[in-house]
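Contents: one structure, followed by commentary.
Order of the sequence lines sets the chain letters (A, B, ...), proteins ahead of strands, with each chain counted from 1. Atom set for the values below is all heavy atoms of this structure, side chains included, hydrogens, waters and symmetry mates excluded.
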Amino acid sequence: MTTRDFLGLLSGDVLAVAPRLLGCRLATAFDGEPTEIVITEVEAYGGVGDPASHAYRGRTPRNAPMYEAAGTLYVYRSYGIHWCANVVTGPEGEASAVLIRGGQPAVGTDRMRDRRRRDDHLTDGPGKVCAALGISGGDSGSSLLDGPVFLVPDAPAGSFSIESMPRIGISRAVDRPWRFVARPSDGSSLAST
DNA sequence: CACCTGATTGCCT
DNA sequence: GGCAATCAGGTGA
């Protein structure tokens with residue numbers, strides 16, 4: 001997968017890019033220990049025009065990475081406790097991004113268990129994904145092409161359909177079906193463990 | 001500078 | 001199903 005393909009994946013409206021990230025991988029290798037998940041759940045956030053977006057009221061120190069080029073990583077602190085990761089998309093300055101809500105452990109599952117201090121439900125939530133992969137606020141603003149956090153647009157391991165539904169955990173613009181979940185075609189569970 | 005809210009999680013009843 | 005944990009960012013005085 002070339003840099004051009006990578007950028008092609010992220011070009012276009014955030015609503016088109018978000019479902020495209022399903023099946024792609026998010027990877028880190030902190031401390032020389034590789035960890036990787038297959039993305040199974042995402043949510044799209046626009047900039048101006050999306051009341052639920054961190055960029056709705058314009059640029060601030062926190063959301064500055066959202067205004068950078070597509071492929072930039074935006075990490076924010078949630079509820080003072082958790083970290084949540086976003087893939088910045090769209091034209092530079094538009095401030096749209098895709099929240100990585102969940103995935104399926106693919107590489108370094110044992111390391112994820114260590115970081116999560118439990119054996120199940122390792123990556124079935126935005127805060128859990130960051131905890132399992134070791135992503136934190138210091139990584140915000142880095143390029144997903146150069147690391148330390150990588151977006152790998154590999155072909156999905158299996159076939160699946162994409163279901164869209166309202167975003168969760170928000171209080172504004174709750175009606176927009178901008179949450180995308182991968183549903184395996186064979187009926188088996190893609191749910192994260 | 002004080003107040004409030006949150007793109008969550010996990011444990012308790 | 002309910003709710004505490006825990007604090008930075010954003011808003012308004």
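When rounded to the nearest whole Å, the span between CE of A:Met66 and P of B:dA7 equals 11 Å. The CD-P distance, from A:Glu43 to B:dT8, rounds to 7 Å in whole Å. Residue A:Arg167 contributes atom CZ, which lies 10 Å from atom P of B:dA7 at whole-angstrom precision. Rounded to an integer number of Å, the gap from CH2 of A:Trp83 to P of B:dT9 is 15 Å.
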TODO: Encode nucleotides 1-13 of chain C as B, S and - characters from 5' to 3', where the letter depends on protein heavy atoms closer than 4.0 Å: B to the base, S only to sugar-phosphate, - to neither.
DONE: ----BBB-SSS--
TODO: Quick one: do A:Thr28 and A:Phe150 satisfy side-chain contact (heavy atoms from CB on, under 4.5 Å)? Show the steps, please.
DONE: CA-CA 6 Å; A:Thr28 64; A:Phe150 299 88; over 6 Å; no
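When heavy atoms are screened at a 4.0 angstrom cut-off, A:Ile170 is found touching the sugar-phosphate backbone but no base atom. Using a 4.0 Å heavy-atom distance criterion, A:Arg101 is classed as a sugar-phosphate-only contact. A:Arg117 comes within 4.0 angstrom of nothing in the nucleic acid, heavy atoms only.
Using a 4.5 Å heavy-atom cutoff, the side chains of A:Tyr45 and A:Val98 are not in contact. A:Leu9 is listed as a side-chain neighbour of A:Leu21, based on a closest heavy-atom distance under 4.5 Å.
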Extract all donor-acceptor atom pairs below 3.5 Å that involve side chains of residues 52-59 of chain A and protein atoms in other chains or at least two apart in sequence.
from	atom 1	to	atom 2	distance (Å)
A:Ser53	OG	A:Gly46	O	2.4
A:Ser53	OG	A:Ala55	N	3.0
A:His54	ND1	A:Tyr74	OH	2.8

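Centre separation under 5.5 Å together with a plane angle under 30° holds for the ring of A:Tyr45 and the six-membered base ring of B:dA7, marking them as stacked.
Between A:Asp120 and A:Arg118, at least one side-chain nitrogen of the basic residue sits less than 4.0 Å from a carboxylate oxygen of the acidic one, meeting the salt-bridge criterion. A salt bridge links A:Asp50 to A:Arg167: at least one charged side-chain nitrogen sits closer than 4.0 Å to a carboxylate oxygen.
Helical stems of DNA chain B (runs of at least 3 Watson-Crick or G-U pairs, donor-acceptor distances under 3.5 Å) are listed by first residue: B:1-6 with C:7-12, B:8-12 with C:1-5.
When every heavy atom of A:Leu122 is checked against every heavy atom of A:Ala132, the shortest pair comes out as O-CB, 3.7 Å. Between A:Arg183 and A:Met165, the closest heavy-atom pair is NH2-CE, 4.2 Å.
Phosphate contact (OP1/OP2 of B:dA7, side-chain N/O of A:Arg172, threshold under 4.0 Å): absent. Between A:Ser53 and B:dA7 there is no side-chain N or O to OP1 or OP2 distance below 4.0 Å.
Relative to the ring axis of A:Phe30, A:Arg111 does not place its NZ or CZ within 45° and under 6.0 Å from the centre.
Distance from the side chain of A:Ser78 is smallest to B:dT8 among B:dG10, B:dT8, B:dA7.
Taking the nucleotide of DNA chain B with the nearest heavy atom to each of A:Ser171 and A:Arg116, the more 5' of the two is matched to A:Ser171.
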